[in-house]
Amino acid sequence: MKESIKNKESGGRSVGAKLFKFFIKSFFVFILCLMAYLWMQRQDIATTVIQRQLYTMDIYDLDFTVAEISPFNFELRDISWGQPEQPFLFLSSLKLSFTPKGLYSGGINQISLSGVETAVCLDKDKKPQFELLERIQLAVARAKLAYPSKAGGVEKGVFVLPEIWLKKGTLVLREFDGSEAGRVDFDGNLSNGRGTLELKGDITLSAGKDVGFKGRLDLLALDLSSCAASIKAGIDLGEMVDPSLGFKSSRIDLIGSVQVCGLDSSPEWNLKLQVPERKYVAEAADFALSTMLKGQCEFGGSITNVSGFGDVYLNDLSFDIPAATGHPAITNGADISLSFELPSTAVDQLDSAKINGCLDVVDIYSQADELIDLCDGIVRFVFTLSAKEGFQTPGPSSLFPVLSVMGVDMTAGITDLSVTNNAVNVKSYLSVKDEALKVLVDVVVPLADPQSGSARIEVPSAVVDSSGIFGQLAREKSGERFDFSGTISASAMVVGLKPGAMVTGCVDVVGGSCSNEDVTVTGINLNLPFEFRDEFRSVDAPMMTIDSVKAGNLLMNDGMIRLHLNSRELFLESAQIGWAKGFLRAYSIHVGVDGNIRNEFMIYADKIDVGEVFMFIMPYEGTIEGILYGRFSVGINNKRIALSAGYLYSLPGQGGYLKLDDPAGMETLLRLAGINRNVKELANALSDMDLDTVRFDLDSGEKDDSSLKIRLKGKSNYEKRPAPVDLNLNINGALEKLLNLGMDLSTMGK
């Protein structure tokens, strides 16, 4: 009985033990299966957990992919925060690394970031909008509400942080329209436990078409424990200007420091930057430039205010253009200093803050062979600069004690300098010493594209004459004494401030006069429109008019000349001037820059009065009427005007008539022709005639060997001898004596 009871008890215990073992095994299998399931579903689970945490901070537009979960690593990839087409933050990879010790203490050993890209956007008012920072601040505020923070994170005054590595980070600067205005590409790391952040990278910024710079951030070292940082960077001039300029020292170094203090009470910060003094040289085939550059600036303030000041110096600035370029050799130099100050200004009012500045340019000199000579020039600009009102100046002052242009002493100055509509506007003047002549220059240079700038040049109407500097220069250049006067004005427009730019303009002369010992010209009026691109030339067939020309006894009036002018020659397309009650005309006269006429030209005579012509040959009292036509050639021999063969004649039936009050003039003419017999009787017969034909033929030889042939055909009205007349007279001698010019015609134009 007892044995059966024992057997029953032992059998019960055996079944219970088996059930217990089965339960334990099943539990472990379940745990293993659960762990296997959780392991296989770890990425989905991690995604769900992270998203729930983000939702508590109201972050619904952050997408990511869990790439790896292991005991020692956790990695997210393709992290995108913001709109899918243009997120304000993107990370290719975020990887957290653990160590056994770190797992035990709940800490992270290392954080690795790669392919980071974020953007700062400028709104319509050019104010920066950093959406990433704004969203992080909002998320932190939400997190503090959901999970009240505990004091900590600082151990003995030192931030205890994991080691952070950043590879291929990019900060993009975008315009309002979405276009890229610049970027900073950088790498960096935060040393483990010490709180020292180090960043390195490349910087690219642009300010418009073909304008901008590239630089290099060599090192930004930030000590988080003391909130201090040191900076070392450089700007590459070779990327800011045309590479053909060939800068030998193209990098501008920047060194500086940043200090922040009072974080626990009232934070204050201070930034110092310095450009160490260094010589910069650029050389190309057609110029050379060199200067010593140095500068410094300092900014500081609090979370509510900011202020600052700075100075930049360009010493021994020289710019040379060698004569080998085909242009005059040019040498320029100056010392330039720029100082500025930002008074203490509230941070929220920086857009209306005014920076006060002063630009001084001293010891200016410029030489261009014998064309320009400038010494001891001084220019000062006092200005204000603000984001709201732009660049303003009450009026710059300038002084050029010694300025000479082509031997002309001048005074010069700058009357205004301003920046409006993103363009620099400079107004200046040149005034000729002891003359009323002044040149006004108005230059506009767009900041986005300086080479597309323009300049307007104006010479206000002024009276000039030979008593001043221009007369002196003209006499020195020509070696002759002559007088001139007139009212002159001019204007020109330069489009494009670069080689080959187009220049258009116009020169006006009103009431001009010019005279020397031989010739006097009065009433000169000229309108000369021109253009210049690689070569000067007139346009639209300029017209010049002349009231009168007097050369000895030769008087001409009402001249009109249509001309063309370029850098090689003056071309007279047509010329007309009144003489002897008729007109003289000429065409296609080429005058070289040396003053020589390149070809003989023909003068055509139209409706010339016979009496006026006879007055040159024999002064008379009486009446001679008739109309002549003809032509004669004019040439230039060593800058001397020389008449060649020519003739004047009357048309058949249009000879006119001749009646002299005193036959003595005709008697003198007959004797000059070699007629000595019965001269008085013949002179009486020729002193009253009806003329059928009148002809003058001139054959101009050497100075004292010219020939004038006169033919008079008609009918004499002399009472004692009324008869037909056909008279041919040949007179030889010096040209001025033959024509009674009262001057040596061969010296005209000397």
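Numbering starts at 1 and runs along the sequence shown. Remember, it's a predicted structure, so these values are computed and weren't measured experimentally.
With values rounded to the nearest 0.5 angstrom, Ser513 atom OG is found 9.0 Å from Asp465 atom CG. Taking OG of Ser290 as the reference point, atom CG of Asp320 lies at 7.0 Å (rounded to 0.5 Å). The OG atom of Ser489 sits 8.5 Å away from the CD atom of Glu458 when rounded to the nearest 0.5 Å. Annotation: the span from Tyr280 atom OH to Leu289 atom CG amounts to 12.5 Å, rounded to 0.5 Å. Interatomic distance, CD1 of Ile457 versus CG of Leu440, reported as 10.5 Å (0.5 Å rounding). Note that CG of Asp335 and CG of Asp360 are 11.0 Å apart. Values are rounded to the nearest 0.5 Å.
A donor atom on one side chain and an acceptor atom on the other are not found under 3.5 Å apart for Ser461 and Thr487. Ser567 and Glu535 share a side-chain donor-acceptor pair at under 3.5 Å.
For residues 576-585, the pairs satisfying salt bridge (charged side-chain N to carboxylate O under 4.0 Å, His left out) are Arg585-Asp606, with sequence neighbours left out.
In this structure the side chain of Met560 never reaches within 4.5 angstrom of the side chain of Asp558, judged on heavy atoms. You'll find the side chain of Leu437 reaches within 4.5 Å of the side chain of Val459, heavy atoms only. Within the 4.5 Å cutoff, no side-chain heavy atoms of Val362 are placed close to those of Val379. For the pair Val507 and Phe530, the minimum side-chain heavy-atom distance is below 4.5 Å. Between Leu526 and Asp508 the shortest side-chain heavy-atom distance does not fall below 4.5 Å.
The side-chain tip of Lys607 does not point at the ring of Tyr629 from less than 6.0 angstrom away and within 45° of straight on.
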Can you check side chain to side chain contact (heavy atoms under 4.5 Å, CB included) on Leu648 and Val613, steps first, answer last? CA-CA 9 Å; Leu648 293 172; Val613 176; 4.0 Å; yes
Side chain to side chain contact (heavy atoms under 4.5 Å, CB included) assessment of Leu430 paired with Val441: CA-CA 8 Å; Leu430 289 172; Val441 182; 5.7 Å; no
Evaluation steps, side chain to side chain contact (heavy atoms under 4.5 Å, CB included), between Phe696 and Ser650: CA-CA 9 Å; Phe696 297 89; Ser650 63; over 6 Å; no
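Ring centroids of Phe632 and Phe601 are separated by 6.0 Å or more, keeping the two rings apart.
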Identify every side-chain donor-acceptor pair in residues 539-552 under 3.5 Å, counting partners at least two apart or on other chains, and give the distances.
| unit_1 | atom_1 | unit_2 | atom_2 | d |
| --- | --- | --- | --- | --- |
| Ser548 | OG | Thr522 | OG1 | 2.5 |
| Lys550 | NZ | Gly552 | O | 2.8 |

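Judged by distance alone, with hydrogens and angles left aside, the side-chain atoms of Asn566 form no donor-acceptor pair with the main-chain N or O of Phe536 at under 3.5 Å.
Ring geometry for Phe571 versus His564: interplanar angle under 30°, hence parallel rather than tilted (30 to 60°).
Asn425 meets the side-chain hydrogen bond (donor to acceptor under 3.5 Å, both in side chains) test with Asp442; sequence neighbours excluded.
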